[in-house]
Amino acid sequence: MASSAPRPLPVLLARIRMPLMWAAMAALLAGYLGLSWWVGGTLLVVALAVHLRLGTPKCAPRVLDPPVRGRWMPLTSPVDAVPSQGTHAYGQTHALGLVAEDGTRPDIGWRPLSRPPEEFPAFGAPVYAPAGGTVVRVHDRQRDHRSRNSWPWLLGSVVENTLRELRGPSGLIGNHVVIDVGDAHVLLGHLRRGSVTVAPGERVASGQPIAACGNSGACTEPQVRVQLMDLSHPLFAAGLPMVWRRGWKAGDPEFEGLPETWRPVEVAGPEYVPPGRVGAAAEYPGLR
């Protein structure tokens, strides 16, 4: 059974993961200016070891509520692979990427090359706070781009995402909200431009609607990214494990965990009633 808190050394290594990689790249480039190639090579080996394995904190998962409702499917899930996004960088070790799958979602093909985000059922869907806490970061300025879910675009997105990374984590994660949930931070990414309804310093309750699903950042189609981190800024954050609480999976009220990659599942969430109101959420039309 994993400890409830990660060990300090892996957390420290995770926080210096990207600066160490940048230092290694700079040292290798400096080899053309006379710096010993041994310096750059040694730094690169150390940086890769930290990036791929050593900077991976292990601890008991945090129990959260799902950030979506209805029928959704993970494109990436830590149930099937860790790191789920193929990298530990930017707190993504256990990230979950969710798309709405109601039977109308366009599949990957050769044509059209791209589609407007409005053609996907996830676009504009409500996004809910996975836990109670305080909003500490909001980024809400990036546009929602067209889809990349054609084979030619998928190949080209490798170069596109490399260029996006030059803007830092926001270039990849897109519009996002970070919530301090006590000893950890939840990040919700790829949100719709202008949809965030909360501000830094604001308290939110679990299940509270806070934004809408968008198609911002490095994503092939409208989706919701959720990841748990030790710090509020993904640039230096270590990714932490999470599970969804019992009752989220329709038809299986005792299941506690996360959905599997490419397996659509009906997601149920907790009832949310705004402060100052009483009764069940169903008594207030328009909340969901």
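The structure displayed is predicted, hence computed values, not measured ones.
Contact detail for Pro67 and Pro130: the closest heavy-atom pair is CB-CG, 4.3 Å. Taking both residues in full, the closest heavy atoms of Ala212 and Ser195 are given as N-OG, 3.0 Å, listed atom of the first, atom of the second, then distance. Nearest heavy atoms, Leu113 versus Pro152: CD2-CG, 3.8 Å. Here the closest heavy-atom approach between residue Leu188 and residue Tyr128 is recorded as CD1-O, 3.9 Å. For Ala23 against Leu43, the heavy-atom pair with the smallest separation is O-CD1, 4.0 Å. Here the closest non-hydrogen pair linking Ala24 and Ala47 is CB-CB, 4.2 Å.
When hydrophobic clusters are built by joining Ile, Leu, Val, Met, Phe, Trp and Tyr residues whose side-chain heavy atoms come closer than 4.5 Å, directly or via intermediates, Val186 is grouped together with Leu191. Residues Val99 and Val127 do not share a hydrophobic cluster, defined by chaining ILVMFWY side chains whose heavy atoms lie under 4.5 Å apart. Hydrophobic clustering keeps Met242 apart from Leu187 (ILVMFWY residues linked when any side-chain heavy atoms are closer than 4.5 Å, directly or through intermediates). Hydrophobic clustering of Ile, Leu, Val, Met, Phe, Trp and Tyr side chains at less than 4.5 Å, counting indirect connections, keeps Leu96 apart from Met229. Both Val198 and Val224 belong to a single network of hydrophobic side chains, linked directly or stepwise wherever heavy atoms of I, L, V, M, F, W or Y lie under 4.5 Å apart.
Contact annotation: the side chain of Phe236 never approaches that of Tyr90 to less than 4.5 Å [non-hydrogen atoms, C-beta and beyond]. Counting heavy atoms from C-beta outward, Val267 and Val265 have side chains that approach closer than 4.5 Å. Residues Glu101 and Trp72 are not in side-chain contact: their nearest non-hydrogen atoms beyond the backbone lie 4.5 Å or more apart. Gln142 places a side-chain heavy atom less than 4.5 Å from the side chain of Arg167. Residues Pro106 and Phe120 are in side-chain contact: their nearest non-hydrogen atoms beyond the backbone lie under 4.5 Å apart. Side chains of Thr220 and Ser147 form no contact here, defined as non-hydrogen atoms less than 4.5 Å apart. Using a 4.5 Å heavy-atom threshold, the side chains of Ile179 and His185 count as separate. With contacts defined as side-chain heavy-atom distances shorter than 4.5 Å, the pair Ile210/Val135 does not qualify.
With hydrogens and angles ignored, the 3.5 Å screen pairs no side-chain donor or acceptor of Thr261 with any backbone N or O of Asp80. Within the 3.5 Å criterion, the main-chain N or O of Asn215 finds a donor-acceptor partner in the side chain of His145. A donor-acceptor contact shorter than 3.5 Å is absent between the side chain of Asn175 and the backbone of Gly189. Listed for the Asp180 side chain is no donor-acceptor partner under 3.5 Å among the backbone atoms of Val136. Judged by distance alone, with hydrogens and angles left aside, the side-chain atoms of Trp153 form no donor-acceptor pair with the main-chain N or O of Trp110 at under 3.5 Å. A donor-acceptor contact shorter than 3.5 Å links the side chain of Glu202 to the backbone of Ala199. Proximity of a side-chain donor or acceptor of His190 to a complementary backbone N or O of Ile173 within less than 3.5 Å is detected.
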Worked verdict on Gln85 versus Thr76 for side chain to side chain donor-acceptor pair (under 3.5 Å) = CA-CA 6 Å; Gln85 300 284 124; Thr76 58; 2.6 Å; yes

key: Leu48/Met21 under side chain to side chain contact (heavy atoms under 4.5 Å, CB included): CA gap, chis, key distance, verdict   = CA-CA 7 Å; Leu48 286 174; Met21 185 65 73; 3.8 Å; yes

request  = Kindly indicate, with the supporting measurements, whether the criterion side chain to side chain contact (heavy atoms under 4.5 Å, CB included) is fulfilled by Thr162 and Glu165.
outcome  = CA-CA 5 Å; Thr162 300; Glu165 191 171 2; 5.6 Å; no

task = Assess whether side chain to side chain contact (heavy atoms under 4.5 Å, CB included) is satisfied between Leu154 and Ile108, documenting all intermediate values.
result = CA-CA 9 Å; Leu154 285 175; Ile108 297 174; 3.9 Å; yes

task = Before giving the answer on salt bridge (Lys or Arg N to Asp or Glu O under 4.0 Å), spell out for Glu254 and Lys249 the whole-Å C-alpha distance, their side-chain angles and the decisive distance to 0.1 Å.
result = CA-CA 8 Å; Glu254 295 303 314; Lys249 189 175 183 180; over 6 Å; no

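Here Pro116 pairs with Glu118, Glu119, Arg146 under the side-chain contact (heavy atoms from CB on, under 4.5 Å) rule; sequence neighbours left out.
A salt bridge links Arg245 and Asp65; the closest N-O separation between the charged side-chain nitrogens and carboxylate oxygens is under 4.0 Å.
For the atom pair Gln223 CD and Met73 CE, the distance stands at 10.0 Å (nearest 0.5 Å). If you take CZ on Arg137 and OG on Ser232, they are separated by 6.0 Å, rounding to the nearest 0.5 Å. Expressed to the nearest 0.5 Å, how far NE2 of His94 lies from CG of Leu228 amounts to 9.0 Å. The OG atom of Ser150 sits 12.0 Å away from the CG atom of Asp107 when rounded to the nearest 0.5 Å.
Under 3.5 Å, the side chains of Asp144 and Ser216 contain no donor-acceptor pair of N or O atoms. A donor-acceptor contact closer than 3.5 angstrom links the side chains of Arg225 and Gln227. With no hydrogens or angles considered, no side-chain donor-acceptor pair links Ser77 and Glu260 at under 3.5 Å. Side-chain N/O atoms of Arg148 and Ser157 include no donor and acceptor closer than 3.5 Å.
The environment of Trp151 atom CH2 is sparse: at most 12 non-hydrogen atoms of other residues, nucleotides or ligands sit within 6.0 angstrom.
The side-chain tip of Arg246 does not point at the ring of Phe255 from less than 6.0 angstrom away and within 45° of straight on.
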May I have the list of side-chain donor-acceptor pairs in residues 9-20 shorter than 3.5 Å, sequence neighbours left out?
from, atom 1, to, atom 2, distance (Å)
Arg15, NE, Asp230, OD2, 2.9
Arg15, NH2, Asp230, OD2, 2.7
Arg17, NH1, His88, O, 3.3
Arg17, NH2, Gly55, O, 2.2

